[in-house]
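Keep in mind that this is a model prediction, so the values were computed, not measured. The chains referred to below are lettered A, B, ... by the order of the sequence lines, with proteins before strands, and numbering in each begins at 1.
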Amino acid sequence: MAALLPPLRVCRGILKELRAMQGPTYKLSPAYNYVMDQFRKNKVTGQMYCRAQQEAHHDSHTYLCLLASNRTHLALHKLYHGKGDRSREEVAGLVGLRLPTQPGGKGWEK
Amino acid sequence: MFRGIARLQSQFGNILSPNKVRSPHFRFALKYSTAITERKRFYQDVSISQGEGGLYEINLDRKKLKTPGGKLFTVPNEVLAIAVATEWDAQRDTLKFYTMHLTTLCNTALDNPTQRNKEQMINAALKFLETDTVCYRVDEPHGLVELQKNEWDPVLHWIENRYNVTIGSSSSILGPEIPEATKDTFRQHLNSYNFWSLTGLEFVITQLKSVVLSMGMIDRHLSVEQAVLLSRLEEEYQIQHWGNVEWAHDYDMYELRARTAAGALFVHLSSENSTVKRKLLQDREG
């Protein structure tokens with residue numbers, strides 16, 4: 001039932017995500033080195049049904065899902081999530097006023 | 001806005017100054033409950049280094065990363081350290097803690113703010129089995145009944161065969177009767193996981209609202225996307241019927257996918273150990 005993408009597509013997907021996250025220097029990051037290392041190591045196996053290879057394939061798929069859905073979630077968050085309240089200075093600035101300042105601080109402030 | 005929070009924190013700090021001795025539990029709860037969601041990025045480089053005991057640490061510029069509880073942030077293997085470092089490196093102008101799922105899981109495992117032990121976590125997981133999503137069926141509408149039968153039954157059969165247990169499904173309000181033998185089998189299986197893996201597993205179960213789907217994903221029978229789809233089966237059915245609302249449905253789905261993927265990765269990385277065995281090529285004569 002584990003209908004996973006072929007390893008090449010997963011590898012390219014992970015590299016695309018890393019590039020989107022880090023910009024052009026993504027090839028220097030430890031994550032890039034580790035991912036390429038693992039994909040190369042698990043490419044060739046002497047056995048017909050290699051459990052380590054299957055496990056690595058599933059793990060790479062999971063990591064790709066993590067990176068891709070994190071990026072999409074962040075994009076949706078930026079698009080739709082509430083921005084929160086404005087600060088007191090900004091609210092005053094909306095009507096063209098500024099907050100009063102008291103050089104010694106107010107009575108209850110340190 | 002951050003200045004307001006900082007002022008609040010400094011006021012809190014004054015209250016906690018050494019006149020009263022607070023228990024570690026109280027301090028933990030305080031740190032974890034007054035959590036800030038965003039902070040400005042204060043470092044340039046992220047790197048990992050190996051400390052004492054073979055544990056890996058994360059360095060932000062020159063400083064070592066610490067957990068919210070004040071402990072040094074250490075992970076047992078290099079892969080997890082690389083993944084956490086990638087999370088920290090991926091942050092741009094502000095640190096968005098709600099996207100750093102692996103870091104959050106490591107912090108929970110290291111600090112253990114609610115002071116759970118393995119037995120409590122296993123009992124909680126088994127208790128959840130009684131209210132497992134996959135076992136709760138509806139009687140109507142007919143389309144949903146069919147969908148649940150076609151999608152959830154195979155997973156139930158798989159887990160019943162894999163662990164040699166009976167779980168069954170029910171459409172009554174009380175849910176299925178889980179026999180003691182089933183619980184014992186699962187208890188024995190879950191005992192083989194270490195504390196970190198159990199932390200991750202508990203997180204995944206809470207997200208997917210199902211022990212069956214979590215075990216299916218951890219045992220690599222289901223992919224993350226499939227597990228999330230099965231967990232949200234009724235929602236997907238209603239979406240197909242009434243339409244999709246991007247700012248609610250998609251937002252929830254991608255957040256669920258990210259968290260579940262992080263949990264699954266956390267469990268796998270905490271429980272695996274790999275060795276490299278080199279096969280020697282035979283020398284040919286002549």
Side-chain angles (χ1 to χ4, degrees), chain A residues 1-5 10 14 17-18 20-23 25-26 28-35 37-38 41-42 46 51-52 54-90 108-110, chain B residues 1-4 7 10-11 14 37-38 46-48 78-79 81-83 85-87 89-92 96 98-102 154-155 158 216-217 219-226 228 246-248 250-265 268-269 272 274 276 279:
Chain A
M1 209 197 172
L4 301 180
L5 299 173
V10 180
I14 295 182
E17 295 296 330
L18 287 179
M21 278 204 307
Q22 286 164 7
T25 56
Y26 74 105
L28 307 167
S29 60
Y32 174 80
N33 292 329
Y34 181 78
V35 163
D37 221 20
Q38 287 297 303
K41 264 201 265 190
N42 284 313
R51 212 179 85 165
Q54 305 267 344
E55 289 185 358
H57 189 198
H58 191 271
D59 285 352
S60 64
H61 212 270
T62 308
Y63 192 52
L64 175 63
C65 183
L66 172 62
L67 293 178
S69 42
N70 236 351
R71 195 158 62 103
T72 322
H73 172 234
L74 197 57
L76 285 175
H77 183 95
K78 282 208 179 112
L79 191 56
Y80 290 115
H81 203 263
K83 302 286 183 295
D85 290 335
R86 296 190 184 89
S87 70
R88 286 162 36 227
E89 284 87 357
E90 288 174 28
W108 60 87
E109 283 177 357
K110 290 249 167 172
Chain B
M1 194 170 82
F2 291 128
R3 259 181 282 134
R7 210 173 293 142
S10 69
Q11 284 177 359
N14 288 337
T37 48
E38 295 200 10
V46 184
S47 58
I48 57 175
E78 194 184 359
V79 195
I82 294 178
T86 315
E87 268 187 356
D89 207 13
Q91 309 298 320
R92 292 285 150 256
K96 298 176 164 51
Y98 48 85
T99 55
M100 299 158 74
H101 302 296
L102 288 173
V155 185
W158 172 83
M217 196 181 59
D219 285 341
R220 297 183 168 99
H221 174 75
L222 301 166
S223 71
V224 176
E225 291 92 345
Q226 283 169 327
V228 166
E246 194 180 27
W247 51 261
D250 278 352
Y251 185 86
D252 281 344
M253 182 178 79
Y254 285 112
E255 188 181 25
L256 185 62
R257 270 197 195 171
R259 288 180 181 212
T260 316
L265 206 62
H268 287 147
L269 293 180
E272 76 177 11
S274 59
V276 178
K279 279 191 178 167

Worksheet item: Relative to chain A, which segment of B:R259 carries a heavy atom at a distance below 4.5 Å: side chain, backbone, both, or neither?
Response: neither

Fill in: Flag side-chain contact, heavy atom, 4.5 Å: A:Q54 against B:R220
no

Worksheet item: Between B:A258 and A:L66, which heavy-atom pair has the shortest distance, and what is it?
Response: O-CD1, 3.3 Å

Worksheet item: Parallel, tilted or perpendicular: which describes the rings of B:Y251 and A:H81, with under 30° parallel and over 60° perpendicular?
Response: parallel

Fill in: Donor-acceptor contact present, side-chain A:H73 to main-chain B:L256, <3.5 Å
no

Worksheet entry | Contact class of B:I48 relative to chain A, heavy atoms under 4.5 angstrom | neither

Fill in: Gap separating the CH2 atom of B:W247 from the CG atom of A:L76, nearest 0.5 angstrom
12.5 Å

Discussion item. With heavy-atom distances below 4.5 Å as the criterion, would you say the side chains of A:L74 and B:Y98 are in contact?
Written reply: yes

Worksheet item: Is there a side-chain hydrogen bond (donor to acceptor under 3.5 Å, both in side chains) between B:E78 and A:Y34 once you walk through the steps?
Response: CA-CA 10 Å; B:E78 194 184 359; A:Y34 181 78; over 6 Å; no

Worksheet item: Taking atom NE2 of B:H101 and atom OG of A:S69, what is their separation to the nearest 0.5 Å?
Response: 7.5 Å

Worksheet item: Pick from B:D252, B:L102, B:I82, B:L269: which one has the most heavy-atom pairs with chain A under 4.5 Å?
Response: B:I82

Item to complete: Please identify each residue that fulfils salt bridge (charged side-chain N to carboxylate O under 4.0 Å, His left out) with B:R257, with sequence neighbours left out.
Response: none

Fill in: CG on B:D250 to OH on A:Y80, rounded to 0.5 Å
8.0 Å

Worksheet item: Are side-chain heavy atoms of B:V224 and A:Y63 found at a separation under 4.5 Å?
Response: no

Worksheet item: Checking heavy atoms, do the side chain of A:L67, its backbone, both or neither come under 4.5 Å from chain B?
Response: neither

Worksheet item: Would a distance-only check, ignoring hydrogens and angles, find a side-chain to backbone donor-acceptor pair under 3.5 Å from A:N70 to B:T99?
Response: yes

Worksheet item: Which answer fits A:Q38, side chain, backbone, both or neither, if we ask what part of it has an atom under 4.5 Å from a heavy atom of chain B?
Response: neither

Practice prompt. Please state whether the side chain, the backbone, both or neither of A:T62 comes within less than 4.5 Å of a heavy atom of chain B.
Written response: both

Fill in: Where A:Q22 and B:D89 come nearest, the two heavy atoms and their spacing
NE2-OD2, 3.9 Å

Worksheet item: Taking all non-hydrogen atoms of both residues, which atom of A:M21 and which atom of B:R92 are closest, and how far apart?
Response: O-NH2, 2.6 Å

Fill in: Close side-chain approach of A:H77 and B:E255, heavy atoms under 4.5 Å
no

Worksheet item: Looking only at heavy atoms, what is the nearest atom pair of B:S223 and A:H58, with distance?
Response: CA-NE2, 3.9 Å

